[in-house]
K.L.:
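There's a structure below that I have some questions on.
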Amino acid sequence: MAAPPAIPRRGLFIGGGWREPTLGRRIPVINPATEDTIGDIPAATAEDVELAVAAARSAFLLDGGSRWARASGATRAKYLNAIAAKIKEKISYLAWLETVDSGKPKDEAVADMDDVAACFEFYAGLAEALDGKQHAPISLPMEEFKTYVLKEPIGVVGLITPWNYPLLMATWKVAPALAAGCTAVLKPSELASLTCLELGAICEEIGLPSGVLNIITGLGPDAGAPIASHPHVDKIAFTGSTATGKTIMTAAAQMVKPVSLELGGKSPLVIFDDVADIDKAVEWAVFGCFFNSGQVCSATSRLLLHEKIAERFLDRLVEWAKNIKISDPLEEGCRLGSVISKGQYEKIKKFISTARSEGATILHGGDRPKHLGKGFFIEPTIITDVSTSMQIWREEVFGPVICVKVFKTESEAVELANDTHYGLAGGVISDDLQRCERIAKVIHSGIVWINCSQPTLVQAPWGGNKRSGFGRELGEWGLENYLSVKQVTRYCKDELYGWYQRPSKL
Ligand SMILES: NC(=O)c1ccc[n+]([C@@H]2O[C@H](COP(=O)([O-])OP(=O)(O)OC[C@H]3O[C@@H](n4cnc5c(N)ncnc54)[C@H](O)[C@@H]3O)[C@@H](O)[C@H]2O)c1
Ligand SMILES: C[N+](C)(C)CC=O
């Protein structure tokens, strides 16, 4: 068997080159599936953030912005397409790296890398289309003024991202930010930064102008907080926990800096008794909460079952959960890998034990799989006898743990579905499409899935309401996040405007 590739030892990617962190600190990289230390990443601090922001600002302003910010969208599109091509060329390597860094099954990592390339290509298309949207005239009810609109890049943007889809979540921000003409400082999660550093290497290879994208790795308070509070960062786009989102919003508010926040969730999946093929519904329930070990912001982790099918559905759910291949994520056919870290493993175990002590039943799972002695693995876990006051019903676990409640009527199902501070996603499964449409309208969330859970489409808006944040990523909305709209109005009559009396020239 060929030896696995080595983990590259990288520095911080600043101003188009690599540099060691100013204080010389590094953070170990642990493969969560084996618990082995496999490398390290730089631990940036405020000193490095200064350098990265300065590099991004001078790239934004260079030659009056003509190299990047005010270059045509078509010019920027060439770079985005070149990044996409490199991602495709290196897909197996990048997927391997993502797998050993995050513990997710290799097949999932390959799908993530496909999505990364597709996202760069999609925003390359929108960058080109942006050229045709400039100078859009505004229809006015008078003739003396003519008005048009320019869409301009916001400036230097700080992009702070989580570990669950390391390169993909970064791409959701980097691709539209660059398409808009912004320059950026990306700070991925300290728990999984390897593929984001490889993005730096790709930018170097394709000759992205220096300083357009800077990538600094490190701990949140040391490397993320100085970005959020930096006076020369014009916008923050953040994906992560609601708690960190609040801290970032507070820091940004001091400078009236715009923020977009993609935060946590506790999304419902409502299943009615009219489903003809119960396995089809069960598979979506499994996918909705056990994919990526449930470490998905939009995981449908609250399952609402109609009382008439609840027993049969739960029997099949347990069968399907037992059938999931849990293994080293590099093994062929793995469908449940490890969770990201020891800390996350312990947090999930605590959620399960609290649910038990509050009176819930652990119907299936709840432990480390017996055949895996090492690694941060947790069985797919199904929890029943849940009340709405329990922690397991109210709080995001971010692990392979689904909690179940039974309902009698449609209105009860809707009330339970909306019984949350979060509002990211929700799903409904029923053979009655009119009912699905009715429910889609009344679920308080940014995304509703009908007869499925989790499809994520680069063309469609993504984001939440309530404590799941605000702003939308992906689609054209993702580009708008990084554009500032400028009104340009011209007075076009030869005569005086005539509000004041012209003073005599005598
Ligand atoms: N809504 C979405 O689209 C979406 C997508 C993925 C993940 N998430 C959410 O992300 C969370 C899991 O990710 P996580 O554990 O990495 O979140 P986290 O909030 O702990 O960390 C996210 C990022 O913020 C940084 N950070 C931490 N403290 C900071 C501070 N004080 N100032 C600036 N930056 C700081 C971290 O280093 C990391 O890069 C879950 O709640 C999940 O629901 C949401
Ligand atoms: C949208 N998705 C599933 C890729 C990442 C959210 O955690």
Side-chain angles (χ1 to χ4, degrees), residues 27 41 43-44 46 49 102 104 108 111-112 114-116 118-119 158-173 185-193 196 215-230 233 236-252 259-267 287-289 291-301 339-341 343-344 347 395-399 422-425 445-447 449 453-458 460-474 478:
I27 300 168
I41 54 165
V49 170
S102 71
K104 66 171 65 197
E108 288 193 29
D112 290 358
D114 274 335
D115 288 350
V116 166
C119 188
L159 314 176
I160 303 177
T161 55
W163 45 259
N164 61 337
Y165 287 83
L167 187 55
L168 185 57
M169 291 297 95
T171 299
W172 281 18
K173 298 183 181 351
V185 178
L186 166 67
K187 209 298 279 174
S189 167
E190 60 277 21
L191 291 176
S193 290
C196 286
I215 303 169
I216 61 164
T217 54
L219 302 176
D222 296 347
I227 299 176
S229 61
H230 201 291
V233 172
I236 297 291
F238 171 75
T239 297
S241 62
T242 301
T244 310
K246 284 186 207 165
T247 309
I248 285 180
M249 200 172 162
T250 305
V259 291
S260 46
L261 301 176
E262 299 283 354
L263 309 176
K266 191 80 192 177
S267 301
F287 192 76
C289 196
F291 194 68
N292 202 26
S293 287
Q295 302 165 122
V296 181
C297 49
S298 51
T300 38
S301 55
V339 298
I340 185 76
S341 64
Q344 190 66 12
K347 192 175 140 203
E395 292 181 26
E396 181 185 51
V397 178
F398 226 53
Y422 291 109
L424 183 55
S445 63
I447 303 152
W449 291 298
S453 178
Q454 307 305 314
T456 304
L457 313 161
V458 69
W462 180 277
N465 303 335
K466 302 197 274 182
R467 290 186 206 169
S468 293
F470 50 83
R472 292 292 179 268
E473 296 196 298
L474 298 185

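Order of appearance sets the numbers: ligands from 1, and atoms from 1 within every ligand. Fair warning: this is a prediction, and the values are worked out from it, not measured in the lab. Position 1 is the first residue of the sequence, and the numbers go up from there.
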K.L.:
I need the nearest protein heavy-atom contact for atom 24 (O) of ligand 1: residue, atom name and distance, please.
P.N.:
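Nearest neighbour among protein heavy atoms for atom 24 (O) of ligand 1, to 0.1 Å: Phe238 CE1, 3.2 Å.
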
K.L.:
Students should be able to answer this: which protein heavy-atom is nearest to atom 26 (N) of ligand 1, and at what distance?
P.N.:
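Residue, atom and distance for the closest contact: Gly220 CA, 3.4 Å.
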
K.L.:
Specify the protein heavy atom at minimum distance from atom 23 (C) of ligand 1: its residue, its atom name, and the distance to 0.1 Å.
P.N.:
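I find the closest protein heavy atom is Thr161 O, 3.4 Å.
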
K.L.:
Classify the ring geometry of Trp449 against Trp462: parallel below 30°, tilted from 30° to 60°, perpendicular beyond 60°.
P.N.:
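The arrangement is tilted - the two ring planes meet at 30° to 60°.
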
K.L.:
With heavy atoms of Glu190 as the reference, note each atom of ligand 1 found under 4.0 Å away.
P.N.:
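Per the distance check, 36 (C), 37 (O).
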
K.L.:
Would you find a donor on one side and an acceptor on the other, under 3.5 Å apart, between the side chain of Gln454 and the backbone of Ser298?
P.N.:
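Present.
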
K.L.:
Are any of the heavy atoms in Ser468 under 4.0 Å away from ligand 1?
P.N.:
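No heavy atom of Ser468 comes that close to ligand 1.
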
K.L.:
In ligand 1, which numbered atoms sit nearer than 4.0 Å to a non-hydrogen atom of Gly224?
P.N.:
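Listed by number with element, the hits are 32 (N), 33 (C), 34 (N).
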
K.L.:
Nearest heavy-atom pair of Ser468 and Gly464: which atoms, and what distance?
P.N.:
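What the structure gives for the nearest pair is CB-CA, 4.0 Å.
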
K.L.:
Check Ser189 against Pro162 and note the closest heavy-atom contact, atom names and distance.
P.N.:
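Looking at all heavy atoms of both residues, the closest pair is CB-C, 3.6 Å.
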
K.L.:
In ligand 1, which numbered atoms sit nearer than 4.0 Å to a non-hydrogen atom of Thr239?
P.N.:
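Numbered from 1, ligand 1 contributes 2 (C), 4 (C), 5 (C), 6 (C), 7 (C), 8 (N), 22 (C), 44 (C).
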
K.L.:
Do you know the tightest heavy-atom contact between Gln344 and Val397?
P.N.:
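Looks like NE2-O, 3.6 Å.
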
K.L.:
Please report which non-hydrogen protein atom sits nearest to atom 9 (C) of ligand 1, along with the residue it belongs to and the distance in Å to one decimal place.
P.N.:
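Checking every protein heavy atom, the shortest distance to atom 9 (C) of ligand 1 gives Gly240 O, 3.2 Å.
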
K.L.:
To check you understand the geometry: which heavy-atom pair defines the closest contact between Leu263 and Gly245, and what is its length?
P.N.:
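Scanning both residues completely, I find the closest heavy atoms to be CD2-CA, 4.0 Å.
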
K.L.:
Does only the side chain of Ile248 get under 4.0 Å from ligand 1, or the backbone, or both, or neither? Count heavy atoms.
P.N.:
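For Ile248, only side-chain atoms sit under 4.0 Å from ligand 1.
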
K.L.:
Could you tell me whether Leu191 approaches ligand 1 through its side chain, its backbone, both or neither, with non-hydrogen atoms closer than 4.0 Å?
P.N.:
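For Leu191, there is no contact with ligand 1 at all, from either part.
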
K.L.:
Heavy atoms only, cut-off 4.0 Å: how does Thr242 contact ligand 1, side chain, backbone, both, or neither?
P.N.:
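No part of Thr242 comes within reach of ligand 1.
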
K.L.:
Who passes salt bridge (charged side-chain N to carboxylate O under 4.0 Å, His left out) against Glu190, sequence neighbours left out?
P.N.:
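Applying salt bridge (charged side-chain N to carboxylate O under 4.0 Å, His left out) to Glu190 gives Lys187.
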
K.L.:
Closer than 4.0 Å to some heavy atom of Leu424 - which atoms of ligand 1 meet that?
P.N.:
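Near Leu424, meaning under 4.0 Å from one of its heavy atoms, ligand 1 has 1 (N).
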
K.L.:
So between Val296, Leu263, Thr456, whose heavy atom ends up nearest atom 44 (C) of ligand 1?
P.N.:
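Shortest heavy-atom distance from atom 44 (C) of ligand 1: Leu263.
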
K.L.:
As a check for students: among Ser193, Ala192, Cys297, identify the option with a heavy atom nearest to atom 8 (N) of ligand 1.
P.N.:
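Considering heavy atoms of Ser193, Ala192, Cys297, the nearest to atom 8 (N) of ligand 1 sits in Cys297.
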
K.L.:
Could you pull out every N or O of ligand 2 that sits under 3.5 Å from a protein N or O, with the distance for each pair?
P.N.:
| unit_1 | atom_1 | unit_2 | atom_2 | d |
| --- | --- | --- | --- | --- |
| ligand 2 | 7 (O) | Asn164 | ND2 | 2.8 |
| ligand 2 | 7 (O) | Cys297 | N | 2.9 |

K.L.:
Would you call Tyr165 a ligand 1 contact, heavy-atom distance under 4.0 Å?
P.N.:
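Contact absent.
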
K.L.:
For atom 14 (P) of ligand 1, what is the nearest protein heavy atom, given as residue, atom name and distance?
P.N.:
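Here the closest protein heavy atom is Trp163 NE1, 3.3 Å.
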
K.L.:
Of the backbone atoms (N, CA, C, O) and the side-chain heavy atoms from C-beta on, which set of Pro188 has a member under 4.0 Å from an atom of ligand 1: side chain, backbone, both, or neither?
P.N.:
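The answer is the backbone of Pro188.
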
K.L.:
Out of Ile160, Leu219, Thr244, whose heavy atom sits nearest atom 21 (O) of ligand 1?
P.N.:
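It is Thr244 that holds the nearest heavy atom.
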
K.L.:
For atom 17 (O) of ligand 1, find the nearest protein heavy atom and state the residue, atom name and distance (0.1 Å precision).
P.N.:
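Nearest protein contact, heavy atoms only, for atom 17 (O) of ligand 1 is Ser241 N, 3.3 Å.
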
K.L.:
Looking only at heavy atoms, what is the nearest atom pair of Pro221 and Pro226, with distance?
P.N.:
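Closest approach of Pro221 to Pro226: O-CD, 3.7 Å.
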
K.L.:
Find all atoms of ligand 1 within a distance of less than 4.0 Å from any non-hydrogen atom belonging to Asn164, and give their numbers and elements.
P.N.:
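Taking each heavy atom of Asn164 in turn, ligand 1 has 6 (C), 7 (C) under 4.0 Å.
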
K.L.:
May I ask you to identify the nearest protein heavy atom to atom 31 (N) of ligand 1, giving residue, atom name and distance to one decimal place in Å?
P.N.:
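Result for atom 31 (N) of ligand 1: Thr247 CG2, 4.0 Å.
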
K.L.:
Measure Glu473 to ligand 1 on non-hydrogen atoms and call it side chain, backbone, both or neither using the 4.0 Å cut-off.
P.N.:
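Neither part.
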
K.L.:
With heavy atoms under 4.0 Å as the rule, classify the contact between Lys187 and ligand 1 as side chain, backbone, both or neither.
P.N.:
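The answer is both, backbone and side chain.
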
K.L.:
So, for Lys104 and Tyr165, which heavy atoms are closest and what is the spacing to 0.1 Å?
P.N.:
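That would be NZ-CD2, 3.3 Å.
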
K.L.:
What residue and atom, counting heavy atoms only, is the protein's closest point to atom 13 (O) of ligand 1, and at what distance?
P.N.:
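Result: Pro162 CB, 3.3 Å.
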
K.L.:
Within the structure, does Trp462 bring an N/O atom to less than 3.5 angstrom of an N/O atom in ligand 1?
P.N.:
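So ligand 1 has an N or O lying under 3.5 Å from an N or O of Trp462.
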
K.L.:
Please determine if Glu396 has a nitrogen or oxygen closer than 3.5 Å to a nitrogen or oxygen of ligand 1.
P.N.:
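Yes, at least one N or O pair falls under 3.5 Å.
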
